[in-house]
Amino acid sequence: MAFQAPKGTYDVLPGSGFLAVRDGLLAPAELAGYSYIESPVFEDTELFARGVGASTDVVSKEMFTFTDRGDRSLTLRPEGTAGVVRAVLQHGLHHGQLPVKLRYAGPMFRAERPQAGRFRQFQQSGIEAIGLVDPALDAEVVALAWEGFRSLGLTGVRLLLTSLGDPTCRPAYREELTAFLTGLDLDEATRARVLINPLRVLDDKRESVQKQLAGAPLMPDRLCADCKAHHDAVIEGLQSLGVPFEPAPRLVRGLDYYMRTTFEFVHDGLGAQSAVGGGGRYDGLSEAIGGPHLPGIGWALGIERTLLALESEGITPPSEKGLDVYVVSLGVMAKAWAVTAVGAFRKAGVASDLAYGDRGLKGAMKAADRSGARWAVVVGDRDLEAGVAQLKDLRNGDQLAVPLAELTPTVLEKLA
RNA sequence: GUGGGUGUAGCUCAGCUGGCAGAGCACCGGGUUGUGAUCCCGGUUGUCGCGGGUUCGACCCCCGUCACUCACCCCA
């Protein structure tokens, strides 16, 4: 074969359950008043540099950046929030009723080395609630992701929750943590990371590092009064919504804009990448990209990883609706009739197809079987002369002759 | 960017110390001149990733290369 999909990309193939997962994850949010929004897959490079944070790995080494013919620097979006907030600001959505509740789905791009559950073009479903600070809203947002996973039948998803503090309490904590980390025996790369973002070190997987972190100061113990009150209220909200969570005081996010409420959904059946989704509050993002103070909270869930989680739990995501009727014809007259019959079926809302390519009856019946249709309509020239079609129930083989004029009504009746 | 593994039919994979390229599934046809899902019979499908080397002879050994894959870093 001459070509294949570029490295780190994949094709969504029939039967993958992709649509059911992408839309299923957002279904609870839709019921909660989150409207659909779609923003461009590429944006001004500066939007991500300032929004996501220039020092993050995502921005510093994983972006697909290019220059267009007008010499503008553009970047394929590595995440969805910055673009959505940009759209909100650009169109003044925040001047209306608050919070602005939005949901979205689409491809994101990061130039990483692919591995299980990680692609260069990957898909996320996400929501954002923008415009106010209310711990009850935090709880709703988190609960909607939880419901999304549950509605797909997943039982192995765990919710990790913490608070990253805010500009009042985090700087002091950061200093304290930096001082602690500086006293440890770390390799050069890690020591560099201490200076860029010391919180990230808490997340290191290596045992040699984790052992030394046993006595590290933790953000939840250093929250200021406001952050503490907010965090406690979020916890209460989740409890009253019946959403179980695990405190994760060392949880860190890879994007700089997160503060206060921060969470991640993990699943143990995925391979090395256990996160199926994550999110948090980003009260400083709007200002970082040149907008007014505009708090917000949201999440993004990974479609591919959710599919992996479903697979590991032995759950087959629902497939597309499929056919109701498959028409099999014999003879030239019957073939012509079949084409119009299928047209009539479809107009009446009956999903139908017919056997194209003049194969034998046996082969056509085989095709009917494989189409997944509930009924086969078999028509030969001699049926047409008699003014009937044979309606066969493919589940049990029962077959009866139905007058041509009554065919569509009969099928509709049986479908009801 | 670093390290490991794997490349043989559409798919999943066998292939002995180096001696004719294989199986199952799928697909197509027949058994039934007008009936599927079961059963029986038959058939189609190959640059053994690619390039070089060793050899009388290479899917097999050697070198290179590409792709895929898993893991590290990081993240969904």
Side-chain angles (χ1 to χ4, degrees), chain A residues 1-10 13 21-22 25 52 55-62 78-81 105-126 145 157 187 189-190 192-193 196-197 200-201 203-206 209 251-255 263-267 270-279 299-309 326 328-331 334 355 357 359-383 389-399:
Chain A
M1 193 169 52
F3 293 105
Q4 53 183 328
K7 190 183 193 70
T9 68
Y10 65 96
L13 297 174
V21 169
R22 186 192 70 185
L25 287 171
V52 176
S55 73
T56 61
D57 285 26
V58 167
V59 169
S60 63
K61 57 184 204 193
E62 295 172 3
E79 56 92 52
T81 302
M108 307 295 161
F109 306 83
R110 293 182 197 173
E112 299 179 276
R113 195 82 166 256
Q115 69 186 71
R118 169 190 292 167
F119 299 90
R120 290 182 166 191
Q121 175 175 343
F122 59 102
Q123 300 268 346
Q124 291 184 330
S125 290
V157 173
D187 61 280
T190 308
R193 203 138 42 101
I196 297 167
N197 187 347
R200 205 82 58 70
V201 179
D203 213 19
D204 201 304
K205 277 184 192 168
R206 291 169 298 183
V209 177
L251 179 64
V252 185
R253 306 267 71 212
L255 313 179
F263 51 92
E264 185 166 298
F265 295 93
V266 296
H267 193 283
L270 309 188
Q273 311 306 320
S274 61
V276 289
W299 46 248
L301 313 181
I303 310 302
E304 297 84 3
R305 292 185 186 179
T306 303
L307 283 164
L308 285 176
Y326 196 89
V328 171
S329 61
L330 282 153
R359 39 207 316 214
L361 179 61
K362 182 184 176 121
M365 285 304 294
K366 206 169 198 175
D369 182 54
R370 285 174 193 164
S371 75
R374 169 70 195 281
W375 284 283
V377 169
V378 183
V379 176
D381 289 350
R382 81 180 186 214
D383 294 301
Q390 307 295 329
L391 182 60
K392 179 169 186 169
D393 188 329
L394 288 171
R395 290 197 310 196
N396 56 24
D398 290 352
Q399 181 170 312

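The figures that follow rest on heavy atoms only: side chains count, while hydrogens, waters and symmetry mates do not. In what follows, chains are A, B, ... by sequence order, proteins preceding strands, each numbered from 1.
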*Distance-only, no hydrogens or angles: does the Arg200(A) side chain make a donor-acceptor pair with backbone N or O of Val252(A) under 3.5 Å?*
no
*Out of U35(B), G36(B), A71(B), which has the shortest distance to the side chain of Gln399(A)?*
U35(B)
_Side chain of Arg200(A), heavy atoms from C-beta onward: which of G36(B), C74(B), C70(B) has the nearest atom to it?_
C74(B)
*Where the side chain of Lys366(A) is concerned, which of C75(B), A37(B), C74(B) is the nearest nucleotide?*
A37(B)
*So what does Gln390(A) hit on the nucleic acid, given a heavy-atom distance under 4.0 Å: a base, only sugar-phosphate, or nothing?*
base
_Closest nucleotide among C72(B), C74(B), C75(B) to the Arg305(A) side chain_ = C75(B)
*NA contact type, Gly117(A), heavy-atom cut-off 4.0 Å: base, sugar-phosphate, or nothing?*
base
*Which nucleotide sits closest to the side chain of Lys362(A): G31(B), C75(B), U35(B)?*
G31(B)
*5'-most by nearest nucleotide on RNA chain B - Ala5(A) or Val276(A)*: Ala5(A)
*Would you classify Phe119(A) as touching base, sugar-phosphate or nothing, given that sugar-phosphate means primed atoms plus P, OP1 and OP2, and contacts are heavy atoms under 4.0 Å?*
base
_Counterpart base for G36(B), defined by Watson-Crick or G-U wobble contacts under 3.5 Å_ = none
*Could you please name the option among G34(B), A76(B), C75(B) that lies closest to any side-chain atom of Phe122(A)?*
A76(B)
*What nucleic acid atoms does Gln123(A) come within less than 4.0 Å of, heavy atoms only: base, sugar-phosphate, or nothing?*
nothing
*asked:* Closer than 4.0 angstrom, basic N to acidic O: yes or no for Asp398(A) and Lys392(A)?
replied: no
*Describe the nucleic acid contact of Arg113(A) in one word from base, sugar-phosphate, nothing, applying a heavy-atom distance below 4.0 Å.*
base
*What integer number of Å spans the C1' atoms of C13(B) and C48(B)?*
13 Å
_With a 4.0 Å cutoff (strictly under), does any side-chain N or O of Arg253(A) reach OP1 or OP2 of A76(B)?_
yes
*Determine: side-chain N/O of Gln4(A) to OP1/OP2 of G7(B), distance under 4.0 Å, yes or no.*
no
*What is the nucleic acid contact for Leu330(A), judged by heavy atoms within less than 4.0 Å: base, sugar-phosphate only, or nothing?*
base
*asked:* Just to be sure I understand the rule, does Ala368(A) reach a base, reach only the sugar-phosphate, or reach nothing, if contact means heavy atoms closer than 4.0 Å?
replied: nothing
*Can you figure out which of C70(B), C68(B), U35(B) approaches the side chain of Lys7(A) most closely?*
C68(B)
*Under a 3.5 Å cut-off for both distances, is G24(B) Watson-Crick or wobble paired, and to whom?*
C11(B)
*NA contact type, Gly397(A), heavy-atom cut-off 4.0 Å: base, sugar-phosphate, or nothing?*
base
*Side-chain N or O of Arg370(A) less than 4.0 angstrom from OP1 or OP2 on C27(B)?*
yes
*Using only side-chain N and O atoms of Gln115(A), determine if any of them is under 4.0 Å from OP1 or OP2 of C72(B).*
yes
